[in-house]
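Remember, it's a predicted structure, so these values are computed and weren't measured experimentally.
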Amino acid sequence: QLQLVESGGGLVQAGGSLRLSCAASGLTFNRYGIGWFRQAPGKEREFVAVIGFSGAPTLYADAVKGRFTISRDNDKIVAYLEMNSVKLEDTAIYYCAAKLFSTIRDAARYDYWGQGTQVTVSS
């Protein structure tokens, strides 16, 4: 069993930065790849980034590559998504998800999900 809770969302100005956190339960956090996904109103859930169970590899969606950074701290049992140079199009609910020993982009294959945290980018 793995439980995930996102936090750190809020209102941020375009061009600014925001850091999302994904706190996990249990002692097996380091066995899971952690993905970040987002869903804007009226749009399908979109892959953002994923990090392997040991911290590598990392993969990013083209829309965020070079702007967002995914990381994890297995000792603190938390994963992060650092959002830099945010754009209006980044506005969405952001979710973290976990997949055992996997680093994948397909949301349907993830085993556990957090409740999401809202990120709103203002002009």
Side-chain angles (χ1 to χ4, degrees):
Q1 184 180 42
L2 184 67
Q3 297 185 57
L4 306 172
V5 179
E6 304 94 334
S7 63
L11 181 65
V12 60
Q13 294 184 75
S17 298
L18 198 66
R19 191 186 196 189
L20 307 183
S21 298
C22 175
S25 67
L27 300 175
T28 60
F29 177 70
N30 62 341
R31 300 181 185 179
Y32 292 84
I34 301 296
W36 283 96
F37 299 82
R38 66 187 183 185
Q39 187 165 18
K43 298 183 65 177
E44 296 181 357
R45 185 168 49 187
E46 176 187 16
F47 167 77
V48 176
V50 63
I51 187 167
F53 67 91
S54 64
T58 56
L59 301 172
Y60 297 91
D62 290 341
V64 306
K65 189 175 182 179
R67 299 189 297 116
F68 292 8
T69 301
I70 188 170
S71 62
R72 66 190 296 165
D73 186 333
N74 290 342
D75 291 333
K76 295 181 178 180
I77 318 179
V78 63
Y80 303 99
L81 183 70
E82 183 180 2
M83 306 168 60
N84 298 311
S85 302
V86 297
K87 305 175 180 179
L88 293 176
E89 63 214 58
D90 294 323
T91 295
I93 300 175
Y94 283 73
Y95 301 89
C96 66
K99 181 73 176 71
L100 187 64
F101 294 124
S102 296
T103 309
I104 56 177
R105 310 168 92 103
D106 186 0
R109 298 172 62 186
Y110 277 75
D111 300 310
Y112 304 98
W113 290 84
Q115 85 290 342
T117 185
Q118 177 70 49
V119 173
T120 302
V121 181
S122 63
S123 60

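- Rounding to the nearest 0.5 Å places CD of Glu89 at 8.0 Å from NZ of Lys43.
- In this structure, Leu59 and Thr103 have side chains that are in contact, with non-hydrogen atoms separated by less than 4.5 Å.
- The backbone N or O of Ile77 lies less than 3.5 Å from no partner atom in the side chain of Asn74, so there is not a single donor-acceptor pair.
- Nearest heavy atom pair, residue Val12 against residue Ser17, reads CG2-O, 3.6 Å.
- Tyr95 and Val64 fall into different hydrophobic clusters, where Ile, Leu, Val, Met, Phe, Trp and Tyr residues are linked whenever their side-chain heavy atoms come under 4.5 Å apart, directly or through other members.
- The ring of Tyr112 has its center closer than 6.0 angstrom to the ring center of Tyr32.
- Distance check, rounded to the nearest 0.5 Å: CZ of Arg109 to CD1 of Ile104 gives 4.0 Å.
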Start with the C-alpha distance between Val119 and Asp90, add both sets of side-chain angles, then the distance that settles side-chain contact (heavy atoms from CB on, under 4.5 Å), and finish with yes or no. CA-CA 8 Å; Val119 173; Asp90 294 323; 5.5 Å; no

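- The two residues Ala92 and Gln118 make their nearest non-hydrogen contact at O-NE2, 3.3 Å.
- To the nearest 0.5 Å, atom OG of residue Ser102 and atom CG of residue Asp111 are 7.5 Å apart.
- Heavy-atom contacts from other residues, nucleotides or ligands closer than 6.0 Å to CD of Gln13 number 12 or fewer.
- Proximity of a side-chain donor or acceptor of Glu46 to a complementary backbone N or O of Arg38 within less than 3.5 Å is not detected.
- Residues Tyr80 and Val86 do not share a hydrophobic cluster, clusters being chains of Ile/Leu/Val/Met/Phe/Trp/Tyr side chains in contact below 4.5 Å.
- In this structure a side-chain-to-backbone donor-acceptor pair under 3.5 Å is present from Thr91 to Val121.
- Of the possible donor and acceptor atoms, one in the side chain of Thr117 sits under 3.5 Å from a partner among the backbone N and O of Gly9.
- Between Ala24 and Leu2, the shortest heavy-atom contact is CB-CD1, 4.0 Å.
- Taken together through direct or relayed side-chain contacts under 4.5 Å among Ile, Leu, Val, Met, Phe, Trp and Tyr, Phe68 and Ile51 form part of one hydrophobic cluster.
- Side chain of Glu6 to main chain of Gly116: a donor-acceptor pair is present (N/O by atom type, distance under 3.5 Å, no hydrogens or angles).
- Cluster annotation: Trp113 is connected to Phe47 through the hydrophobic network of ILVMFWY side chains, with a link wherever side-chain heavy atoms come within less than 4.5 Å.
- Tyr60 and Tyr94 end up in the same hydrophobic cluster when Ile, Leu, Val, Met, Phe, Trp and Tyr side chains are linked at under 4.5 Å.
- In this structure, Ser85 contributes its side chain and Arg67 its backbone to no donor-acceptor pair below 3.5 Å.
- The side-chain tip of Arg72 does not point at the ring of Phe53 from less than 6.0 angstrom away and within 45° of straight on.
- For the pair Glu82 (side chain) and Leu20 (backbone), a donor-acceptor distance under 3.5 Å is absent.
- Taken to the nearest 0.5 Å, the CD atom of Gln115 stands 11.0 Å off from the CD atom of Gln3.
- Looking only at side-chain heavy atoms (C-beta outward), Leu11 and Ser122 come within less than 4.5 Å of each other.
- Considering CG of Leu81 and CD1 of Ile34, their distance stands at 12.5 Å, rounded to 0.5 Å.
- Note that Arg19 lies outside the cation-pi zone of Trp36, set by a 6.0 Å cut-off to the ring centre and a 45° limit from the axis.
- Ring to ring, Phe37 and Tyr110 are close: their centroids are under 6.0 angstrom apart.
- Atom CG of residue Leu4 and atom OG of residue Ser21 lie 12.5 Å apart, to the nearest 0.5 angstrom.
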